[in-house]
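Below is one structure; the comments refer to it alone.
Chain identifiers are assigned alphabetically (A, B, ...) following the order of the sequence lines, protein sequences preceding nucleic acid strands; residue numbering begins at 1 within each chain. Values reported hereafter were calculated over all heavy atoms of this structure, with side chains retained and with hydrogens, waters and symmetry mates removed.
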2 protein chains.
Amino acid sequence: MASRAKATILDIAREAGVSKSTVSLVLQGSGLIRPETATRVRKAIEDVGYVYNRGAANLRKAHSNVIGMVINDLTNPFFAELAVGMERVFQAAGVVPFIANTAENPVRQEEVLKSLMEQGVAGLIVSPARGTTPGAFRRIEAAGVPIAFTMRRLPESRIPVIAPDNHRGAVLATEHLIRRGHRRPAFFGGSSDLVVYHQRLGGFLTACETLGIPASDRLIVEGETSRKGGMACLETALATTQPPTAALCFNDAVAFGAMLALRKRGLEAGTDFAVVGFDDVAEAEHYSPALTSVAVDTAGLGERAAHVMLKMIQSRTTRAEDHIGAVSLVVRESSGPDRNSQLGDAA
Amino acid sequence: MASRAKATILDIAREAGVSKSTVSLVLQGSGLIRPETATRVRKAIEDVGYVYNRGAANLRKAHSNVIGMVINDLTNPFFAELAVGMERVFQAAGVVPFIANTAENPVRQEEVLKSLMEQGVAGLIVSPARGTTPGAFRRIEAAGVPIAFTMRRLPESRIPVIAPDNHRGAVLATEHLIRRGHRRPAFFGGSSDLVVYHQRLGGFLTACETLGIPASDRLIVEGETSRKGGMACLETALATTQPPTAALCFNDAVAFGAMLALRKRGLEAGTDFAVVGFDDVAEAEHYSPALTSVAVDTAGLGERAAHVMLKMIQSRTTRAEDHIGAVSLVVRESSGPDRNSQLGDAA
DNA sequence: CTGAAAGCGCTTACAG
DNA sequence: CTGAAAGCGCTTACAG
């Protein structure tokens with residue numbers, strides 16, 4: 001039991017009095033083996049303290065059951081929720097995904113991807129780090145390993161992506177703000193090196209157009225996609241000559257930052273300045289004031305991404321259709337009406 | 001380049017006009033190979049689109065460079081921060097850790113551990129799921145694979161633990177509350193199946209003894225270690241005939257829950273009821289009111305755990321000393337004085 | 001239903 | 001400094 005030398009199927013075969021082929025068949029759950037034999041083999045497996053060597057098996061089989069999940073920022077609860085959704089379906093399918101964090105660093109991402117490939121992954125689900133070069137996945141694609149992007153996409157890539165309807169979400173949120181009387185809306189956070197940024201900002205602009213907010217009355221403040229970034233955006237916005245009265249934020253982290261900066265100035269989100277987030281992380285509901293946010297069905301997106309990957313692997317293809325998930329606006333306290341406006345919510 | 005059949009070292013050897021031994025040596029960065037030869041080989045590696053097969057290598061080498069990190073709850077930002085600390089040192093050491101989430105489920109943990117073992121990990125860092133049985137790691141220990149626990153420990157286990165000084169942290173926090181005039185302190189959240197619970201509760205009780213709070217004036221409310229648990233604890237506490245005026249919470253999540261429940265009743269943490277958390281997650285500082293909490297140097301603990309593991313692997317041992325990390329109390333707004341008391345903070 | 005044999009892609013002594 | 005050969009622990013046809 002406590003033997004240091006690892007037991008192999010040969011040890012099991014000896015113990016059970018069969019050939020190693022038989023052991024292998026039992027290990028794979030083949031129906032070819034007589035039940036009594038299988039039972040005997042299984043007992044031997046226990047007795048010798050056997051640990052299956054997947055590396056050796058993959059060497060021969062040339063297909064593995066490990067899937068890599070490459071996440072750009074694991075400390076953002078949003079991605080943790082996403083990962084949990086994926087894990088749920090992988091678990092049901094009998095594969096254990098390995099999660100790797102790139103911390104938004106393309107170099108780190110390169111290493112992580114390399115390591116996962118060396119480990120012989122059957123597929124890769126990745127939310128690419130900011131600043132990922134278009135060619136970063138060329139080698140993996142060439143090797144025929146299926147990849148799916150989640151949440152983020154790369155420009156000019158043919159890799160399938162599973163993401164929420166960012167444009168629509170931003171439209172919903174912006175219309176909500178405008179209908180509540182905010183005629184000087186702002187867009188906080190994010191930057192143009194992210195495709196998602198263009199989608200969300202695009203929705204913001206579309207809604208402004210539709211509801212007649214002239215370009216001169218819109219404020220766009222780029223910034224980090226974090227609390228810190230949100231704080232900076234708010235400061236910048238309030239320092240303008242004609243400050244906005246409301247902001248759609250790139251994501252919830254930015255929104256939390258903006259709310260924090262408001263409070264530091266003695267202002268309150270919802271009454272003094274309207275704030276809307278994006279993603280609707282679990283925390284949004286519990287914040288004070290509770291954050292109005294665009295819900296993207298995070299876990300559902302994760303599950304979908306996992307299913308797409310499973311299907312790609314099974315059908316031995318590297319192509320799949322994009323999936324754009326439905327979004328909805330969850331109105332809470334942080335997006336009150338403009339106090340100087342006559343309008344209520346005319347939705 | 002886009003060839004589907006995977007290139008092997010034999011293909012490289014052919015391309016470069018050397019033997020496969022030479023290729024292998026180049027791959028391992030051996031100094032034995034003439035620089036010109038190495039360069040030629042490296043070019044061939046690029047040309048054939050080679051992906052190193054770590055499984056095959058491990059088969060022969062019998063030691064791998066993959067380390068598994070098994071986390072009980074990845075959606076808790078505390079564990080995400082911990083994981084990031086570990087990753088930092090592993091990255092520097094050239095090993096890519098794979099993270100697996102058990103979602104506080106011992107069965108899931110079993111699967112994850114099995115899969116990691118099959119993958120041939122060199123070592124395992126784990127924060128065990130609640131309800132893990134004492135024998136859960138027996139097989140892994142028998143196989144000679146080093147394990148280190150982080151944050152949590154199992155009763156009667158000889159596996160080294162890297163954790164903060166829970167007792168001391170609870171003493172500090174409780175003394176702080178009592179010195180601020182709270183003579184009826186409570187302990188919120190957690191339950192006795194967690195060793196950590198006993199440590200933190202023990203610190204609470206020690207401080208109560210020391211500062212003369214009789215047992216009849218202390219309230220202990222067990223509960224889930226989540227926001228939800230914290231909300232329930234507060235409700236329970238306020239429903240007693242002589243409610244406490246302050247609470248040390250098992251962790252920050254419980255504290256956030258308690259603060260939330262206070263607000264729902266129109267009360268404010270810090271002025272109406274003092275709340276202290278444990279862990280000092282990044283969010284604590286940004287909460288409103290900002291949460292007083294026991295800082296455990298999360299990232300530092302993660303780094304330490306990684307170093308311990310690296311050393312165990314290197315010295316081929318499964319034993320190491322426990323590491324108990326220093327803690328400190330970060331006083332913020334949530335732990336104001338008892339409004340009915342005459343005392344200020346006499347620290 | 002079970003066994004003997006070949007081979008997956010690497011590394012490691014051992015020669016030279 | 002480089003090559004030929006054995007072997008790591010499995011799976012997979014192929015016989016029987």
Side-chain angles (χ1 to χ4, degrees), chain A residues 3-42 44-45 48-66 114-115 117-122 143, chain B residues 3-42 44-45 48-66 114-115 117-122 143:
Chain A
S3 69
R4 196 54 75 82
K6 277 191 260 188
T8 73
I9 55 169
L10 251 166
D11 298 304
I12 301 169
R14 200 177 305 123
E15 183 82 11
V18 297
S19 80
K20 63 179 181 151
S21 310
T22 305
V23 175
S24 178
L25 259 11
V26 171
L27 247 18
Q28 295 170 80
S30 162
L32 293 176
I33 308 295
R34 195 158 22 120
E36 302 86 83
T37 311
T39 305
R40 194 147 38 91
V41 170
R42 264 188 279 273
I45 287 173
V48 301
Y50 175 72
V51 175
Y52 185 70
N53 184 332
R54 199 163 287 280
N58 287 345
L59 195 52
R60 196 64 175 88
K61 285 201 301 189
H63 79 259
S64 88
N65 80 331
V66 356
K114 180 158 176 268
S115 182
M117 285 297 287
E118 292 182 359
Q119 215 60 230
V121 291
Chain B
S3 69
R4 197 52 76 83
K6 277 192 260 190
T8 74
I9 54 169
L10 251 167
D11 298 305
I12 300 169
R14 200 177 304 121
E15 183 82 11
V18 296
S19 80
K20 64 180 179 148
S21 311
T22 304
V23 175
S24 178
L25 258 12
V26 171
L27 247 19
Q28 295 172 77
S30 162
L32 292 175
I33 307 296
R34 203 169 5 135
E36 301 86 81
T37 311
T39 306
R40 193 147 41 90
V41 170
R42 263 188 279 272
I45 288 173
V48 301
Y50 175 71
V51 174
Y52 186 70
N53 184 331
R54 200 163 286 280
N58 288 344
L59 194 51
R60 195 65 175 85
K61 284 201 301 191
H63 79 259
S64 87
N65 80 332
V66 355
K114 179 157 177 268
S115 182
M117 285 297 287
E118 293 181 358
Q119 216 59 231
V121 291

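- Heavy-atom minimum distance, A:A16 versus A:A44: CB-CB, 3.9 Å.
- How far NZ of B:K114 is from CD of B:E118: 4.5 Å, rounded to the nearest 0.5 Å.
- Nearest heavy-atom pair across A:A57 and A:Y52 is CB-OH, 3.1 Å.
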>> Give the dot-bracket line for DNA chain C from 5' end to 3' end: parentheses for intra-strand Watson-Crick or G-U pairs under 3.5 Å, square brackets for crossings, | for inter-strand pairing, dots for unpaired.
In response: |||.||||||||.|||
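- The NZ atom of A:K20 sits 8.5 Å away from atom OG1 of A:T8, with the distance rounded to the nearest 0.5 Å.
- Between the side chains of B:S115 and B:Q119, no donor-acceptor pair is found at a separation under 3.5 Å.
- Considering CG of B:L25 and CD1 of B:I33, their distance stands at 4.0 Å, rounded to 0.5 Å.
- Between B:N53 atom CG and B:N58 atom CG the span is 9.0 Å, to the nearest 0.5 Å.
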Distances for protein N/O vs nucleotides 8-11 of chain D N/O pairs under 3.5 angstrom?
residue: D:dG9; atom: N2; partner: A:A56; partner atom: O; Å: 3.1
residue: D:dC10; atom: OP1; partner: A:Y50; partner atom: OH; Å: 2.5
residue: D:dC10; atom: OP2; partner: A:I9; partner atom: N; Å: 2.9
residue: D:dC10; atom: O5'; partner: A:Y50; partner atom: OH; Å: 3.1
residue: D:dC10; atom: N4; partner: A:K20; partner atom: NZ; Å: 2.5
residue: D:dT11; atom: OP1; partner: A:Y52; partner atom: OH; Å: 2.7
residue: D:dT11; atom: OP2; partner: A:S24; partner atom: OG; Å: 2.3
residue: D:dT11; atom: O2; partner: A:R60; partner atom: NE; Å: 3.0
residue: D:dT11; atom: O2; partner: A:R60; partner atom: NH2; Å: 3.4

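- Between B:S19 and D:dG3 there is a side-chain N or O to OP1 or OP2 distance below 4.0 Å.
- Taken to the nearest 0.5 Å, the CZ atom of B:R60 stands 12.5 Å off from the CG atom of A:L59.
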